[in-house]
Novice: 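Dropping a structure here in structure tokens format, bear with me for questions.
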Amino acid sequence: MTEMPETYEASTIETRWREAWRDSDVYRYQGDSDREYIIDTPPPYPTGDLHIGHALNWLYIDFAARYHRLIGDDVMFPQGWDCHGLPTEVKVEENHDIHRTDVPRDEFRQLCIEHTEDQIESMRETMEQLGFSIDWEQEYRTMDPEYWGLTQRSFVEMFEDDRVYRDEHPVNWCPRCQTAIADAEVEPIEREGTLHYLTFPGVDNDGIEIATTRPELLAACVAMAVDPTDERFEDRIGETFEVPLFGQEVELIGDESVDSEFGTGAVMICTFGDKQDVNWWAEYDLELRTAFTEDGHLNELAGEYEGLRIPEAKDAIAADLDGEGYLNEVEPTDQMVGSCWRCDTPIEILSKEQWFVTIDQDAILERGQEVDWIPEHMYDRLEEWTLGMDWDWVISRQRVFATPFPAWFCADCGEPHVAPIEDLPVKPGEAAPSIERCPACGGGDWIPETDVMDTWMDSSITAMVVAGWPDEPFSPTALRPQGHDIIRTWAFYTLLRTEALCEARPWDDILINGMVFGDDGNKMSKSRGNIVAPTEVVEEYGADAFRQSIALGGQPGSDVQFQWKEVKSADRFLTKVWNATRFGRTHFDEETPDITDPALRAADRWLLWRLQEVADDVGAAMDEYRFDAALRQLREFIWSDLADDYVELVKGRLYEGRPGERDAARYTLFIALTASLRMLSPFSPFVTDELWSHLPTKADSIHAASWPDVESPRVDDRDAGELIVDVAEAVRRWKSDQGIALNAELERVELYPEIETSEEYGIDTYDLSNAVNAPVYLRSGTPSIEIVPVEVEVDQRVVGPEFRDQTGAVVQALQDADPARVKREKRRQGEIEVQVNGEVLLVDGEAVTVREEQRAESGEEAALLETEHAQVVVVP
RNA sequence: AGGCGCAUAGCUCAGUGGCAGAGCGCCACCCUUACAAGGUGGAGGUCCGCGGUUCAAUCCCGCGUGCGCCUACCA
């Protein structure tokens with residue numbers, strides 16, 4: 001066996017194993033097994049910073065991946081990168097001090113790729129530091145042609161299937177990013193607006209006062225609306241009014257969705273102030289008056305206000321309304337403004353020709369229901385979001401760094417042409433379409449599409465891509481791990497696309513993780529200064545301890561509060577494991593694993609029994625992604641049962657036992673230790689691999705080993721073992737209470753067991769005697785020390801079902817009865833007589849436990865100890 | 001405004017229709033040959049409140065309160 005350092009030092013160990021794993025293939029997906037576990041790992045946006053939220057998400061993945069390898073699955077833990085997108089474009093513009101239009105598209109794209117590669121490198125380093133068992137041969141980057149070619153293919157297939165179309169339709173538009181965005185990319189921001197009360201003069205009738213927060217939209221006003229049941233506007237529907245300042249005439253319509261409680265009960269309809277306007281516009285076939293430009297200014301329709309930015313226009317028009325006498329009143333109002341999720345700029349709604357993907361709500365939800373949601377209630381979010389969708393998914397973006405549409409438009413008639421699959425990947429700006437003549441008009445000139453795809457078009461096919469699409473027939477991947485904040489995007493779009501392209505659910509299980517809060521309980525934020533970087537924790541305590549603290553933070557799905565004290569506690573536990581292994585090593589040699597047919601004693605059989613129980617329970621918890629429960633049990637077993645109880649019991653045998661006795665203990669300790677390390681390895685992969693290497697184990701790496709499967713001894717062995725453990729503990733406690741050294745010799749210990757033991761094995765006092773450092777005598781009957789029954793304890797589990805509504809009275813009667821009588825009747829008759837409401841009832845003796853105390857001494861100084869399975873007399 | 005989740009020791013969290021649990025923190029004692037980064041013991045609880053179901057509720061049901069999230073928020 002190798003030399004083993006005396007103390008646990010995370011940093012040295014972790015550095016060494018990181019390198020070892022890098023050069024090995026322990027995490028490699030083999031691809032030739034019928035027990036596959038394929039993980040649809042989230043492809044993060046390469047910001048260069050792998051934060052603690054990522055760490056939580058990836059740790060759950062890693063726990064699952066490592067566990068599934070141990071139980072013999074062929075695990076694929078791939079890592080993708082969702083490269084495309086605006087933030088990178090902005091960053092590149094900053095870094096190079098250029099605007100994206102300053103250089104040719106392809107050159108700009110190249111700069112973005114280089115930038116992204118740096119960012120990926122930095123995140124990958126943190127991933128390795130944290131010990132994620134990613135198979136880097138399964139890495140993909142959405143900016144690579146091999147990948148975006150697949151994105152294009154998915155687009156073409158859906159186009160040919162009429163699930164993608166091109167149309168003019170109002171879309172969410174970010175005036176700052178100057179691109180269309182999807183509903184999922186619009187986030188509401190709370191803000192205080194100003195409600196303007198202004199009068200629209202009537203053309204041949206009285207005027208009506210409306211309330212609006214957006215006077216700058218007056219130029220785009222095309223109608224007015226009131227609730228048709230609103231008495232204030234009885235008989236006025238159909239009247240015509242003149243828009244202040246701009247003069248166009250608009251009609252008053254009646255529509256129930258107007259809230260008569262708000263403002264004046266009358267509202268102006270503009271194209272477009274919000275989605276409601278779009279609905280009215282479509283329903284009443286109103287005129288389209290567009291007042292805004294793509295970059296957020298007013299256009300020629302606004303007359304003298306043309307060229308003003310939207311906020312400036314609001315002020316200018318409000319001032320003029322006031323000057324002309326239209327403005328009656330202003331008041332502040334709280335409002336929620338739909339804003340761009342990338343830059344928080346309030347979005348506008350513009351009507352634009354775009355590419356759309358049709359949304360089939362029912363199909364998406366059906367697939368969603370086929371997936372196991374963990375926790376279950378997270379499915380509700382998908383359902384709520386999906387049912388609330390009222391627009392199709394706009395997938396075109398007016399940007400550069402993204403997957404290009406494989407499409408051209410006929411220069412003569414505008415007919416779009418989409419490339420066939422065999423021509424992909426293709427950049428339409430650099431290649432002509434493979435057909436020459438326009439099928440619609442026969443024209444021969446083609447204009448390449450310059451719009452690019454929404455990045456969710458890339459990332460919504462990850463499940464398919466990792467499963468080998470399109471070369472292999474798709475079957476659902478095992479696991480999708482992700483945060484709840486992107487159910488409406490990543491999960492939603494993936495369900496949509498996998499359904500559309502493969503007619504299947506994308507995954508069997510979806511595991512939703514919560515957020516990570518700071519040590520102060522608040523959301524991590526720069527302003528609070530409570531941000532903790534994973535690398536910072538690793539440097540201080542190591543990844544192994546950090547990983548445990550995250551696993552114990554709560555059950556998956558709930559938010560996790562990062563706490564330094566939990567990291568420290570994990571570090572202490574790992575030190576314990578380190579020392580326990582070091583202890584074990586001093587008793588092992590190369591032959592220990594080969595010990596056969598050992599002469600197991602009660603303590604050995606008990607530990608093996610516990611080990612099997614723990615392996616089952618921990619495995620069940622891991623199956624259900626209950627990493628918190630799994631680790632908790634494991635810690636309890638290792639610390640309490642193995643390190644405290646068992647080791648203390650068998651030290652005597654290990655140090656001084658005869659060879660056969662010693663071997664049984666060595667064997668048991670070896671089995672328990674190596675099994676514990678294996679079960680712990682998903683949580684703390686570094687130190688467990690290190691400790692594994694210091695033990696005479698067969699497999700090279702603990703991560704190539706298998707989940708423990710221990711032959712379980714019989715249940716009656718458990719009781720006999722528990723008795724030994726309990727008694728040893730009781731005597732130790734008594735010594736501690738008496739101020740006696742724990743290793744002090746005692747005159748003798750007398751044992752009065754209260755359990756049945758098997759014929760094969762009686763009570764085994766050998767180890768106990770060593771542990772308490774006294775001769776142990778097995779006695780029957782009751783201790784010679786006088787003991788007095790003092791209290792009757794009632795088990796309501798027995799009494800309740802039998803006596804139903806008399807339970808309370810029965811319990812009371814038992815507790816009031818003379819404990820000595822209860823004890824006597826229980827022993828002699830097996831049942832106890834009680835009087836309840838003048839009636840005599842018989843209670844099963846099983847229902848009561850009579851607590852006794854020692855009251856007198858009989859000559860010799862002695863102490864009576866009570867344990868669950870025995871009474872113990874200690875003679876010092 | 002609707003929907004969902006949460007509420008248990010000082011803190012962070014498990015848990016169960018039948019006497020309430022862990023880690024950390026706190027107090028006291030103990031260097032016992034793997035480990036003082038340890039061991040032993042202790043203090044500390046209206047299991048958010050009110051009703052209901054039940055022999056029995058921290059657990060199941062209803063209502064309420066507080067917190068968090070999702071969705072719609074309205075001109």
Side-chain angles (χ1 to χ4, degrees), chain A residues 6-8 188 193 195-196 210-214 217 224-225 257-259 261-270 273-277 333-336 338 375 377-385 387-388 484-485 487-488 514-515 519 521 523 549 552-555 557-566 568-587 626 628-629 632-633 635-636 643-644 647-648 651 655 729 732-737 739-744 773 793-811:
Chain A
E6 237 177 74
T7 52
Y8 167 54
L195 195 55
H196 304 72
I210 62 119
T212 180
T213 55
R214 305 206 57 192
L217 269 165
M224 295 162 71
S257 36
V258 177
D259 177 5
E261 304 290 313
F262 191 88
T264 63
V267 57
M268 67 170 181
I269 300 175
C270 308
D274 58 21
K275 276 196 175 182
Q276 181 60 257
D277 284 342
T333 181
D334 291 331
Q335 56 176 175
M336 292 293 226
H377 67 258
M378 287 295 176
Y379 168 77
D380 297 346
R381 297 213 181 172
L382 176 83
E383 186 167 287
E384 202 178 346
W385 173 257
L387 293 177
H484 58 63
D485 51 330
I487 289 174
R488 66 178 190 178
M515 305 264 131
D519 206 349
K523 210 175 250 182
S549 74
L552 287 173
Q555 48 183 299
S558 54
D559 294 331
V560 171
Q561 180 172 338
F562 171 81
Q563 293 179 102
W564 284 105
K565 63 174 189 167
E566 289 298 333
K568 279 183 214 170
S569 152
D571 181 54
R572 262 208 287 277
F573 169 68
L574 290 174
T575 303
K576 187 81 183 176
V577 175
W578 181 273
N579 287 323
T581 306
R582 207 153 61 86
F583 170 78
R585 258 170 60 90
T586 61
H587 301 284
R626 283 299 307 270
D628 62 320
R632 216 190 326 273
Q633 282 193 72
R635 277 200 191 184
E636 166 77 16
D644 283 350
V647 165
E648 288 309 321
K651 266 184 181 168
Y655 283 117
E729 201 184 324
R732 249 188 306 171
R733 192 179 313 138
W734 177 80
K735 280 182 171 176
S736 173
D737 287 348
I740 301 172
L742 289 185
N743 57 352
N773 199 10
E793 285 167 359
V794 185
D795 186 349
Q796 301 207 17
R797 268 171 295 194
V798 179
V799 181
E802 191 180 344
F803 295 97
R804 316 294 295 180
D805 56 349
Q806 286 182 299
T807 302
V810 171
V811 169

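Each chain gets a letter, A, B and so on, in the order its sequence line appears, and its residues count up from 1. For the numbers below, each heavy atom of this structure counts, side chains included, while hydrogens, waters and symmetry mates do not.
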Novice: Any side-chain heavy atom of A:Thr807 within less than 4.5 Å of one from A:Val810?
Specialist: no
Novice: For every nucleotide of nucleotides 22-29 of chain B, 5' to 3': is a protein heavy atom under 4.0 Å from its base (B), only from its sugar-phosphate (S), or from neither (-)?
Specialist: -BBS----
Novice: Ignoring backbone atoms, establish whether A:Gln555 has a side-chain N or O less than 4.0 Å from OP1 or OP2 of B:G15.
Specialist: yes
Novice: Quick one: on RNA chain B, does A:Asp334 or A:Arg733 contact a more 5' nucleotide (nearest heavy atom)?
Specialist: A:Arg733
Novice: Figure out the CD/C1' separation between A:Glu648 and B:C35, and round it to whole Å.
Specialist: 11 Å
Novice: Specify the separation, in whole Å, of atom CG of A:Leu382 and atom P of B:C69.
Specialist: 21 Å
Novice: In Watson-Crick or G-U wobble terms, both distances under 3.5 Å, what is the partner of B:C69?
Specialist: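 Looking at the geometry, B:C69 pairs with B:G3.
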Novice: Would one find a side-chain N or O of A:Arg626 under 4.0 angstrom from OP1 or OP2 of B:G15?
Specialist: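 Yes, within the criterion.
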Novice: Rounded off to whole Å, could you give me the CD-to-C1' distance for the A:Glu384 and B:G5 pair?
Specialist: 13 Å
Novice: Any idea which of B:A72, B:C13, B:U32 is nearest the A:Trp385 side chain?
Specialist: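 In terms of side-chain proximity for A:Trp385, the closest of B:A72, B:C13, B:U32 is B:A72.
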Novice: Should B:C50 form a Watson-Crick or G-U wobble pair with both distances under 3.5 Å, which nucleotide is its partner?
Specialist: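 The answer is B:G62, by the H-bond criterion.
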Novice: Taking CD from A:Gln633 and C1' from B:C13, how many angstroms apart are they, rounded to a whole number?
Specialist: 16 Å
Novice: Is the distance from OP1 or OP2 of B:C70 to the nearest side-chain N or O of A:Arg381 less than 4.0 Å?
Specialist: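 Indeed not, no polar side-chain atom of A:Arg381 lies that close.
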Novice: For RNA chain B, whose closest nucleotide is more 5', that of A:Asp795 or that of A:Asp274?
Specialist: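 Its nearest nucleotide being more 5', the pick is A:Asp795.
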Novice: So which heavy atom on A:Ile269 is nearest to which on A:Ala225, and how close?
Specialist: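 Closest pair (atom of A:Ile269, atom of A:Ala225, distance): CD1-CB, 3.8 Å.
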Novice: Watson-Crick or G-U wobble partner for B:G45, using a 3.5 Å limit on both distances?
Specialist: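 Per the H-bond distance test, none.
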Novice: So does A:Thr212 reach the base of B:A75 with its side chain, donor to acceptor, closer than 3.5 Å?
Specialist: no
Novice: Which atoms form the tightest heavy-atom contact between A:Gly557 and A:Met378, and what is the distance?
Specialist: O-CE, 4.2 Å
Novice: Without decimals, in angstroms, what is the distance between A:Asp644 CG and B:G39 P?
Specialist: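 My rounded result for the distance is 6 Å.
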Novice: What integer distance in Å separates A:Arg488:CZ from B:C69:C1'?
Specialist: 12 Å
Novice: Considering only side-chain heavy atoms of A:His377, which listed nucleotide, B:U32, B:C4, B:A75, is closest?
Specialist: B:C4
Novice: Which nucleotide wins on minimum distance to the side chain of A:Asp259, given the candidates B:A14, B:A75, B:G38?
Specialist: B:A75
Novice: Given the P atoms of B:C11 and B:G41, what is the spacing between them in whole Å?
Specialist: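 Their P atoms lie roughly 26 Å apart.
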Novice: Hey, is A:Arg733 close enough to A:Glu729 for a salt bridge, meaning N to O under 4.0 Å?
Specialist: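 Here A:Arg733 pairs with A:Glu729 in a salt bridge, since their nearest N and O are under 4.0 Å apart.
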Novice: Looking at B:C4, does its base get a donor-acceptor pair with the side chain of A:Asp380 below 3.5 Å?
Specialist: no
Novice: In whole Å, what is the span from the CH2 atom of A:Trp578 to the P atom of B:G38?
Specialist: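 Those two atoms, CH2 and P, are 16 Å apart.
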Novice: Give, ordered by number, those residues of residues 802-811 of chain A having at least one heavy-atom distance below 4.0 Å to an atom of RNA chain B; if nothing qualifies, reply none.
Specialist: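 Heavy-atom cutoff 4.0 Å gives A:Arg804, A:Asp805, A:Thr807.
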Novice: Could you identify the nucleotide paired to B:C19, looking across every strand shown and requiring Watson-Crick or G-U wobble geometry with both distances under 3.5 Å?
Specialist: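 Partner of B:C19: none found under 3.5 Å.
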Novice: Are any of A:Lys651's side-chain N or O atoms less than 4.0 Å away from OP1 or OP2 of B:U32?
Specialist: no
Novice: Which base sits across from B:C35 as a Watson-Crick or G-U pair, both distances under 3.5 Å?
Specialist: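 B:C35 is paired with nothing.
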Novice: Choose from B:A75, B:C19, B:A37 the nucleotide whose nearest atom is closest to any side-chain atom of A:Glu793.
Specialist: B:C19
Novice: Between A:Arg626 and A:Asp628, is there a side-chain N and carboxylate O pair less than 4.0 Å apart?
Specialist: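 Looking at A:Arg626 and A:Asp628, the cut-off is met.
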Novice: Within 45 degrees of the axis of the six-membered ring of A:Phe573 and under 6.0 Å from its centre: does A:Lys568 put its NZ or CZ there?
Specialist: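 No, a cation-pi geometry is absent between A:Lys568 and A:Phe573.
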Novice: Scan every strand shown for a Watson-Crick or G-U wobble partner of B:C24, both distances under 3.5 Å, and answer none if you come up empty.
Specialist: B:G10
Novice: Does B:A56 pair with anything, Watson-Crick or G-U wobble, both distances under 3.5 Å, and if so, with which nucleotide?
Specialist: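 Base-paired to nothing in any strand shown.
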Novice: Send over the distance from A:Asp559 CG to B:C11 P, rounded to a whole Å.
Specialist: 18 Å
